[in-house]
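Read through the structure below, which is laid out as structure tokens, and then see the notes.
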Amino acid sequence: AKQQGKAGFVRYAEGMGEPVLAHMQLGSELRRALDNNEFRVVYQPIVRLGTGRLIGVEALVRWHHPARGVVSPAEFIPAAERTGLIVPLGRLVLRETCRQAAMWLADFGPDALREAGLNVSARQLHDPDFVADVADALAESGLPNERLVLEVTESAVLRGQQISRALFELDRMGIRLALDDFGTGESSLSLLRAFPAAIVKLDKSFVDGIEIDDGNPAAADARQAVARAVIQLARALSLDTVAEGIESPEQVAVLRELGYALGQGYHLAEPMSADGISRLLARQAIT
Ligand code: C2E
Ligand code: CA
Ligand code: CA
Ligand code: CA
């Protein structure tokens with residue numbers, strides 16, 4: 001019943017014949033998996049497009065299921081959010097990422113890596129202990145606050161008072177907030193004025209096809225319009241930008257021409273273990 005998904009992941013419920021049952025069991029499976037230590041964090045490099053140099057990493061969680069293999073977060077994050085298990089799971093990712101980033105800085109020096117980011121769900125931002133959890137993870141690891149990036153989506157930001165209070169508090173602590181999947185929401189532009197963002201991450205959907213040259217400049221312009229608008233806005237507001245989901249050198253070229261300095265994507269580097277990042281940092285240290 002196992003099926004290999006797109007990125008080599010095993011799809012969770014598909015082909016199991018009893019999707020509803022599988023769905024119901026997912027909650028208790030996740031609880032068991034947390035107790036059983038089955039979650040691992042991988043890190044995808046964020047690189048300078050001009051030089052290929054590693055600037056930062058994004059932490060991404062993986063579930064190493066004993067029978068099903070590596071399960072993609074797309075398969076279990078929604079259930080973790082529904083059940084509230086995203087709170088302990090997110091805390092695990094937070095602590096592990098801070099610990100690991102502090103180790104990289106200790107091993108390779110303060111210039112080796114500017115920042116480490118991780119994804120935060122609306123549910124976590126609603127948790128009254130979230131800001132304290134972040135402060136604790138930073139204090140315990142010794143990672144300087146300004147080295148941590150918390151990635152939130154527009155829809156999360158738009159969801160309520162408690163969330164915006166948490167975001168302003170995190171910003172005051174010097175933690176950098178990134179608007180993830182930028183451009184996909186309904187009020188991206190007005191949101192930026194109200195939200196203490198430091199970074200916008202241009203969504204993959206605006207990178208897909210950006211390089212297509214069919215000899216029709218009008219069509220090419222239309223495909224590049226959002227990427228261009230986002231970088232202009234980011235410049236006006238002094239925000240950093242990261243272009244996501246870069247899969248080809250042609251996309252790198254177009255994005256650089258538009259003014260994007262930083263990028264992330266399979267063409268640049270896939271998510272990898274902490275050891276993989278250490279090897280990249282070691283190689284970078286001697287070049
Ligand atoms: P995201 O935050 O937008 O993360 C980027 C996703 O795009 C990752 O998928 C990454 O592996 C994938 N990706 C990177 N470069 C490319 C590319 O060139 N092409 C394509 N097709 N994909 C690329 P992943 O790791 O499967 O994560 C999916 C989503 O799950 C994330 O999207 C994020 O929303 C969520 N997620 C992952 N880890 C966590 C976590 O620790 N906490 C929370 N709350 N959500 C998480
Ligand atoms: Ca993200
Ligand atoms: Ca994203
Ligand atoms: Ca996404």
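All of these numbers come straight from a predicted model, not from anything done at the bench. Note that ligands are numbered from 1 as they come in the structure, with each ligand's atoms numbered from 1 the same way.
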Touching ligand 1 at all, [X]? Heavy atoms, strictly under 4.0 Å?
X	answer
Gly90	no
His267	no
Glu58	yes
Leu118	no

Using distance alone, with no hydrogens and no angle criterion, decide if [X] and [Y] have a side-chain donor and acceptor under 3.5 Å apart.
X	Y	answer
Gln251	Asp208	no
Gln44	Gln264	yes
Asp275	Ser273	no

Does [X] approach ligand 1 within less than 4.0 angstrom via side chain, backbone, both or neither, non-hydrogen atoms only?
X	result
Val93	side chain
Asp181	side chain
Lys204	side chain
Gln44	side chain

Practice prompt. Look at the side-chain heavy atoms of Ile, Leu, Val, Met, Phe, Trp and Tyr, link any pair under 4.5 Å apart, and say whether Leu268 and Leu202 land in one connected group.
Written response: yes

Worksheet item: Are Val42 and Val242 linked, directly or through other ILVMFWY residues, by side chains that come within less than 4.5 angstrom of each other?
Response: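 No, Val42 and Val242 fall in different hydrophobic clusters.
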
Against heavy atoms of [X], which atoms of ligand 1 measure under 4.0 Å?
X	answer
Ile246	18 (O)
Gly265	15 (N), 18 (O)
Pro271	11 (O)
Ile77	43 (C), 45 (N), 46 (C)
Glu247	17 (C), 18 (O), 19 (N), 20 (C), 21 (N)
Glu244	3 (O)
Gly245	16 (C), 17 (C), 18 (O)
Val61	38 (N), 39 (C), 40 (C), 41 (O)

Worksheet item: Phe76 vs Phe39 aromatic rings, parallel, tilted or perpendicular, using cut-offs 30° and 60°?
Response: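 Tilted, since the angle between the ring planes falls between 30° and 60°.
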
Between the side chains of [Y] and [X], is the shortest nitrogen-to-carboxylate-oxygen separation below 4.0 Å, so that they form an ion pair?
X	Y	result
Glu96	Arg40	no
Glu140	Arg99	no
Glu29	Arg68	yes
Arg176	Asp240	yes
Lys201	Glu58	yes

Worksheet item: Who's closest to atom 46 (C) of ligand 1 heavy-atom-wise, of Asn119, Val71, Ile86, Val41?
Response: Asn119

Worksheet item: Heavy atoms only: which of Pro73, Ala59, Gly263, Ala156 is nearest to atom 35 (C) of ligand 1?
Response: Pro73

Item to complete: Using modelled atom types only, decide if a donor and an acceptor are shared between the side chain of Thr51 and the backbone of Arg53 within a distance under 3.5 Å.
Response: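 Side chain of Thr51 to backbone of Arg53: a pair is present.
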
Worksheet item: Under 3.5 Å, is there a donor-acceptor pair between the side chain of Arg223 and the main chain of Ile212?
Response: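 Indeed, once roles are kept as given, a pair shorter than 3.5 Å links the two residues.
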
Based purely on interatomic distance, does [X] place a nitrogen or oxygen under 3.5 Å from a nitrogen or oxygen of ligand 1?
X	answer
Arg62	yes
Ser121	yes
Gln264	no

Discussion item. What protein N/O/S atoms are there under 3.0 Å from the Ca ion (ligand 2), waters excluded?
Written reply: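 Under 3.0 Å from the Ca ion (ligand 2) - ignoring waters, which are not counted - the protein N, O or S atoms are Glu58 OE2, Asn119 OD1, Glu151 OE1, Asp180 OD2.
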
Discussion item. Walk me through whether Asn119 and Val61 qualify under side chain to side chain contact (heavy atoms under 4.5 Å, CB included).
Written reply: CA-CA 9 Å; Asn119 296 285; Val61 70; over 6 Å; no

